[in-house]
Protein chains: 2
Amino acid sequence: MTDNSENKNTVRAVDRALDILLCFTDAKELTLTAISQKVGLNKSTVYRLLASLEGRGFLTRHPETEKYRLGFRVWELSANLTQEDDPATLLLPEMIRLRDLLGETISLYIRNGNERVRIQAAESTQTIRRVAPIGARLPLYVGASSKVLVAYADAQVREKVLDDPEWPPYIDRQTYIDQLEEIRSNGYATSIGEREEGAAAVSVPLFNRRGELVAALSVSGPYNRLTQDKMKEIAPEVMEAAKRMGKMIK
Amino acid sequence: MTDNSENKNTVRAVDRALDILLCFTDAKELTLTAISQKVGLNKSTVYRLLASLEGRGFLTRHPETEKYRLGFRVWELSANLTQEDDPATLLLPEMIRLRDLLGETISLYIRNGNERVRIQAAESTQTIRRVAPIGARLPLYVGASSKVLVAYADAQVREKVLDDPEWPPYIDRQTYIDQLEEIRSNGYATSIGEREEGAAAVSVPLFNRRGELVAALSVSGPYNRLTQDKMKEIAPEVMEAAKRMGKMIK
DNA sequence: AAACTGAGTTTCACTCAATGAAACAATAAC
DNA sequence: GTTATTGTTTCATTGAGTGAAACTCAGTTT
């Protein structure tokens, strides 16, 4: 939020208003004061910025809670943005089916540089806290989905990832590389408590019709529900779903 | 674009920036000067507003065309906005299937007050001009989808629509009411050149699991391809699709 | 009932940030 | 070559945007 970057020639009031909008990437509902704290601006300033955002329909106030939420204008814009060949849109119904079958959170990750991005999700109804908001960027060296994305990437990409100067010293490269090999032979990856304490995940690769890797599809939940055995048990199911989903993508 | 409404206490620069964003509801790509004409502002003003919008990722410049487009931030926001029980998202894959089967543009309309809103679409690849952008609001007195939405609405709603003081005098109410009756007995509506010259459409109701009307699903195209006979022929197909889609919605 | 919190809203004086005109650069069109 | 037509920068002017503080209105606490 405190990112001025190097761009000059920018309009301060607009920057601030957009920062306010961006607050809603990890919060669904916010009060005026919460926002003013988050962006570090005076209440009255935020008040007027919110008035503009609300006036144009980018935010609305929920009638009951009185809190601010994203408005229909965001949806209207995104609808025109969304390509119908956008995986995130096409695959959601199938992901929901899988979620309802397994009862755990289903996520879809793509690789972007040396990170992975969560582009779609069907949250478990039991989950209290979300794994990560959609659009969240995570490092590629921990988590089942990370390894899937690296394991099935082309050799050049894999090398580039492993050569990342920011690779953390506490993760042994050779162990990691060995894991990739294992994942390729199994067809899926699992992780327990790697990225977050108490959380486990199974992840499988998602290939498009041409057989290219496009994403990693993961099932994640608390490790007391998602034990190693349980994950092994559901893996074929998940791989099957990924296969079906892959057929939908060019 | 020239809508100040009654809201005071609003920040001018922000209002203007948001107006610029809204230009992209009916245009995919715009140049700076095009925008400045559209919103009626000085080029340099627009230049700086664009710098802010671009800096925060709400707009990007297409590397080739150099023109402005909606940026990833819009998608990121909308991803968090989109409920997974949002019909527009859930139904798209099925709509695409139907589009690929019939080769014509598939649209989904919901009623909102005395208008209908196009909430989702799978455009025919042959179509040059779009029927309407997503989010577009159209009157309820012309077009196949309008009549479907009215025909299957509850009596109170139907009455409210027919009592609209702005009902155009050149459309006879009794004829319209008779058509509704016919639509209910057929299970679908057709229209030729009603809303737009040379365009035809078949539309069917979409009911949720509880049997409530939620939307109208339409197939539209040029009337030389979509003749009355052709429409009669494909109607069962469309109704079947609507039935399947309805099962996905609470 | 009074005092107190913690929401949102309004007022107001100050001043700096946003503005438009015009000049400028960089291509594309003729 | 000239002529349009992009996008970009400069600069003086001023009024739009700002923060502090006052205020309202519910809901809690004392």
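Note that this is a predicted model, so its numbers are computed, not measured.
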How close or far is atom P of C:dG8 from atom CG of A:Asn42, stated in whole angstroms? 13 Å
Atom CZ of residue position A:Phe207 - does it have more than 12 heavy atoms of other residues, nucleotides or ligands inside 6.0 Å? yes
Quick one: which of D:dT8, C:dT9, C:dA18 gets closest to the side chain of B:Arg61? D:dT8
B:Ile35 CD1 to D:dT8 C1', straight-line distance once rounded to whole Å: 15 Å
Please answer whether the main-chain N or O of A:Glu123 pairs with a side-chain N or O of A:Arg99 as donor and acceptor at a distance below 3.5 Å. yes
Separation of D:dG17 C1' from A:Arg12 CZ (nearest whole Å): 7 Å
I want to check one thing: is the phosphate of C:dA21, taken as OP1 and OP2, less than 4.0 Å away from some side-chain N or O of B:Ser44? no
Any sub-3.5 Å donor-acceptor pair from B:Arg111's side-chain atoms to B:Gly113's backbone N or O? yes
Interatomic distance, A:Leu50 CG vs C:dT9 P [rounded to whole Å]: 9 Å
Side-chain contact test, heavy atoms from C-beta onward, threshold under 4.5 Å: evaluate it for B:Phe58 versus B:Val74 and give yes or no. yes
In whole angstroms, the gap separating P of C:dA28 from NZ of B:Lys67 amounts to 14 Å
Among the nucleotides C:dA18, D:dG7, D:dT9, which one has an atom lying closest to any side-chain atom of B:Tyr47? D:dT9
Which nucleotide wins on minimum distance to the side chain of B:Val11, given the candidates D:dT18, C:dT19, C:dT9? D:dT18
Would you mind reading off the distance between B:Leu49 atom CG and C:dA18 atom P, rounded to a whole angstrom? 9 Å
To the nearest Å, give me how far apart CG (B:Asp15) and C1' (C:dT19) are. 15 Å
Under 3.5 Å donor-acceptor, A:Asp154 side chain and A:Gln156 backbone: no
Phosphate contact (D:dT9 OP1 or OP2) by A:Asn9 side-chain N/O below 4.0 Å: yes
Atom CG of A:Leu32 to atom P of C:dG8: distance rounded to whole Å? 5 Å
Does OP1 or OP2 of D:dT18 have a side-chain N or O of A:Arg16 closer than 4.0 Å? yes
Assign each of A:Lys43 and B:Arg48 the nucleotide of DNA chain C bearing its closest heavy atom; nearer the 5' end lies the nucleotide of A:Lys43
